[in-house]
Amino acid sequence: AGGIAEACMRWADRSPWQAILLVQLLVIVAYAPGLWYEGYKMDDAVAIERNPNVVADRVPIEEMMRRDFWGLPMHGSGWTNKSFRPLTTWSFRLNYLLHGLESSGFFIANIVLHVLSSILVGRSAVAYVGLPGSCAAFAALLFGVHPVHTENVLYLVGRADVLAAIFGALALNSYSTLYCPPPPLNRDWAHEVDAHTPKPWASWSVWLVFPVTLVVASGLCKESGFMLFALFLLMELLDFIDSYRAIANMSPKNSARHWRAQRWRIGIVVAATLLVFVLRYRHTGGTSLNMSPQDNPISFEASRMVRILSYAYLHGVYMKLLVWPQFLCYDYSMDAIPAVRTMLDVRLLLPLAAYVAIFGVVASAFCMPRRYRRAALLSLALLVVTFFPASNILFPVGTVIGERLLYGPSEGFCLAVLVWIHRAVVGRSGSMAKAVRATDDGFAALSPTTTNAVHGSSKKATRATSRERRRAAAAAIMAGVTSQPPRMTPAAMRRLLVANFAGGGVAILLMVRCLMRVRVWESSESLYMNDGLIQPTSSKVQFNLGIIHMQNQEWDLAVAALLRCAWADPLSSLPFYRIGQIEILRGRYDTAEQYLSAALDKFGASLMVRDEEVFHDLAVAMFQNGKVEAAETRLRVALQINPDFAKGWNNLACCLIQRSLHDATRALRKAVTLAPENPQYWANLALLAQHSGDPATSSGAWRRAQELWPGMPDPSDCTWEFAPAG
């Protein structure tokens, strides 16, 4: 078994692309059910179905640039969250042009993009940190089947993070390949030396246009992508530290050429970073968000200490989601994660464990051999840098916990895990460990930045001589160590076998958990039902669960879920409004009036339901309770809010019959003008016209009602319309 495992590793090391592509079959299997999913969930409808930048017949560039991710104008008095992601919106637009609003095409595109992102994570393992093909394949698999990514793939708006990760991986790979290629960590170093040596033209700063453009593209998919500029600078810093001594021993000409090229690169990256951040700040008008307490209640806490402790706890929750993704939910809004108000709160043990683990991992990285130290630090930096915008450290974000926000950080997490595994299993084994000790300083002299300087010589003969000298030095260093692939010691073989079994077990567990979560995302109903049972304290989760029960006419279950929503978020009007509607449908008008009156005094109805609907439904309950004048007042308020509210005009007419038949008829004429396709309005008009002595109008209205609804029964009274708003 150990020999088979070693043979498989050697094949993957020799053919990393084939190994990375092979493991994608498991990723596709995990997400295969999603290829047939349909329907828009939650914010999908806003970002796609109702977004003018996606569904308009023609979308000029200037129109795309002035609207945010949700299709709302970024400048003006209206609400906007400043999320400027035009490339993601353009990808939705491309889907729309290909197949319209058929939602299955969006799901297929998201799955394909996730597979591509998984492939690029495997490529980053080789090109960014220097892992061998076997570890690269496992990193790609670990990333591809990590259950926390199901939200990014099957919640369509999560495509922003997927695209940002794709462009970000391309940017890191291109920069490291051109300027800072990593020293390889695999055992068979001899054949890798020349492969990881930069070409002569790679030292030209003009090629920076490619990685810089890719970072900008990543940031235009999701704002966190702009943070990747920091990793370019970190690669330069680590290479400077590793090769400083070797460069100092160069000829003055080559040494000066090297420092000049590196200064140019650093200067261009810093200038590009500042320019991009300034331009985005000016275009979006800053980073302040117009959030509500429902979005991020911690940011509304008056005590600074409470905010700090609560945000620290969120960091622990995010780390737990990466390490142990057993509990997954689409929402963590109030009051799913209550604020931490004291240092004695036992929940602070979670962030404490996370911080200790991070600092311990960083400390162990500095104790590693040079090449492992570089790989470990770059992996951890990718995790930290991409998570930083979601950390609430610089500014509050628009959500408490968002699983989709871990898509980028999980790249660094998977790479870091594989660096430590490689160090523990392979880096300490027999001849490999000896090779590391014998060649660590030797490869410093052959580091990428050093060879960039050597290759920068202006004369072809000098380049050829340098190349031969470098190859000869590499051969001398590797003599007796890698002339043939070293055989592993029995102890190393056992470690390899244990690592393979453990890694395979972890991959299977993650894949099964991922597949289970993919099944949950099949439809809005399955998602709301599942997460509603496991997240009883989230206001949004319980509200959506209540709506599902309401649509299924499960009144008691709906009211129970909506009451849990009201308990979690007592300031929101939405649960009170929906309970009031349910009570009307059940004929309990007294309690309906109580809940609908409470809804008017609370916050947030206009975010999901139009204000006129709340006043209208309260009027329905009041009329049934014999409060005719109060009902008329509420209906007139609703019509002041929305003069084109046809249902309001019809019901106002029914409310006015006893007081003024003339006013009632005039209100019904307004209703049939606004909604001429509604047969009930025409029937009511026919009845009122008959009682007001206008037979011509009555017969014409009745004839129109019969055309719209053949066989419609004769009206005996003015019929109110009550249709709960969606």
Side-chain angles (χ1 to χ4, degrees), residues 524-526 528-529 532-533 536 538-635 637-638 645-655 657-658 678-681 683-684 713 715-726:
S524 295
E525 182 171 354
S526 63
Y528 296 164
M529 293 291 287
L533 296 176
S538 166
S539 59
K540 185 179 295 185
V541 169
Q542 291 306 308
F543 178 79
N544 289 335
L545 177 62
I547 296 301
I548 291 296
H549 287 310
M550 183 178 175
Q551 293 171 349
N552 295 334
Q553 298 185 10
E554 299 167 342
W555 307 127
D556 291 336
L557 293 175
V559 170
L562 291 169
L563 286 175
R564 288 194 294 270
C565 171
W567 180 265
D569 185 8
L571 297 179
S572 174
S573 68
L574 292 174
F576 296 90
Y577 170 60
R578 292 302 189 182
I579 293 175
Q581 288 185 321
I582 291 173
E583 295 302 280
I584 289 177
L585 293 171
R586 301 166 88 175
R588 302 175 179 178
Y589 299 108
D590 289 336
T591 53
E593 181 180 343
Q594 294 174 11
Y595 279 107
L596 290 168
S597 297
L600 289 179
D601 298 329
K602 297 184 181 295
F603 172 81
S606 60
L607 296 178
M608 296 183 65
V609 178
R610 296 190 302 272
D611 290 341
E612 64 267 24
E613 293 280 1
V614 184
F615 282 98
H616 168 271
D617 292 353
L618 177 58
V620 172
M622 286 180 164
F623 183 84
Q624 295 296 328
N625 290 329
K627 303 176 181 178
V628 180
E629 293 184 1
E632 178 187 342
T633 301
R634 301 305 184 278
L635 286 171
V637 172
F645 191 31
K647 179 171 62 175
W649 287 108
N650 174 80
N651 293 348
L652 178 62
C654 295
C655 188
I657 286 179
Q658 300 298 327
N678 191 314
Q680 190 61 61
Y681 298 171
N684 286 342
S716 58
D717 196 3
C718 184
T719 303
W720 285 63
E721 180 183 13
F722 176 72

Could you walk me through whether Cys655 and Val628 pass side chain to side chain contact (heavy atoms under 4.5 Å, CB included), step by step? CA-CA 7 Å; Cys655 188; Val628 180; 3.9 Å; yes

Can you list the steps and then say if Met550 with Gln581 is a side chain to side chain contact (heavy atoms under 4.5 Å, CB included)? CA-CA 10 Å; Met550 183 178 175; Gln581 288 185 321; 3.5 Å; yes

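Sorted by first then second residue, the salt bridge (Lys or Arg N to Asp or Glu O under 4.0 Å) pairs that include residues 618-628, not counting sequence neighbours, are Glu593-Lys627. Applying the ring-ring contact (aromatic ring centres under 6.0 Å, His included) test to residues at least two apart or on different chains, the pairs with a partner in residues 614-635 are His616-Phe645, Phe623-Trp720.
Qualifying side chain to side chain donor-acceptor pair (under 3.5 Å) partners for Arg564, counting only residues two or more places apart in sequence or in other chains: Gln542. Among residues two or more places apart in sequence or in another chain, the side chain to side chain donor-acceptor pair (under 3.5 Å) test is passed with Ser597 by none. Partners of Glu721 by salt bridge (charged side-chain N to carboxylate O under 4.0 Å, His left out), not counting sequence neighbours: none found.
Contact detail for Cys718 and Ala653: the closest heavy-atom pair is SG-C, 4.5 Å. Taking every heavy atom of both residues into account, Ile584 and Asp617 meet most closely at CD1-O, 3.5 Å.
Once rounded to the nearest 0.5 Å, the distance linking CG of Leu533 with OH of Tyr528 reads 14.5 Å. Atom-to-atom distance recorded for Asn544:CG and Ser538:OG is 8.5 Å, nearest 0.5 angstrom. To the nearest 0.5 angstrom, Leu574 atom CG is 8.5 Å from Asp569 atom CG. In this structure, CG in Leu571 is found 10.5 Å from OG in Ser539, a value given to the nearest 0.5 Å. Atom-to-atom distance recorded for Ile579:CD1 and Gln594:CD is 11.5 Å, nearest 0.5 angstrom.
Considering only heavy atoms from C-beta on, Met622 stays 4.5 Å or farther from Glu629 through its side chain. Using a 4.5 Å heavy-atom threshold, the side chains of Lys647 and Glu613 count as touching. Between Ile582 and Arg588 the shortest side-chain heavy-atom distance does not fall below 4.5 Å. Between Leu596 and Phe576, every side-chain heavy-atom pair lies at or beyond the 4.5 Å cut-off.
Considering Asn684, Thr719, Leu635 in turn, Asn684 is the only one that fulfils the side-chain contact (heavy atoms from CB on, under 4.5 Å) rule with Cys654.
Although no hydrogens or angles enter the test, the distance criterion places a donor-acceptor pair under 3.5 Å between the side chain of Asn625 and the main chain of Ala621. Judged purely by atom type and a 3.5 angstrom limit, Asn650 has no side-chain atom pairing as donor or acceptor with the backbone of Gln680.
The environment of OH in Tyr595 is sparse: at most 12 heavy-atom neighbours from other residues, nucleotides or ligands sit within 6.0 Å.
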Donor-acceptor pairs are to be reported for all side-chain atoms of residues 554-561 against protein atoms at under 3.5 Å, with residues two or more places apart or in another chain.
residue	atom	partner	partner atom	Å
Glu554	OE1	His549	ND1	2.6
Asp556	OD1	Arg586	NH2	2.6

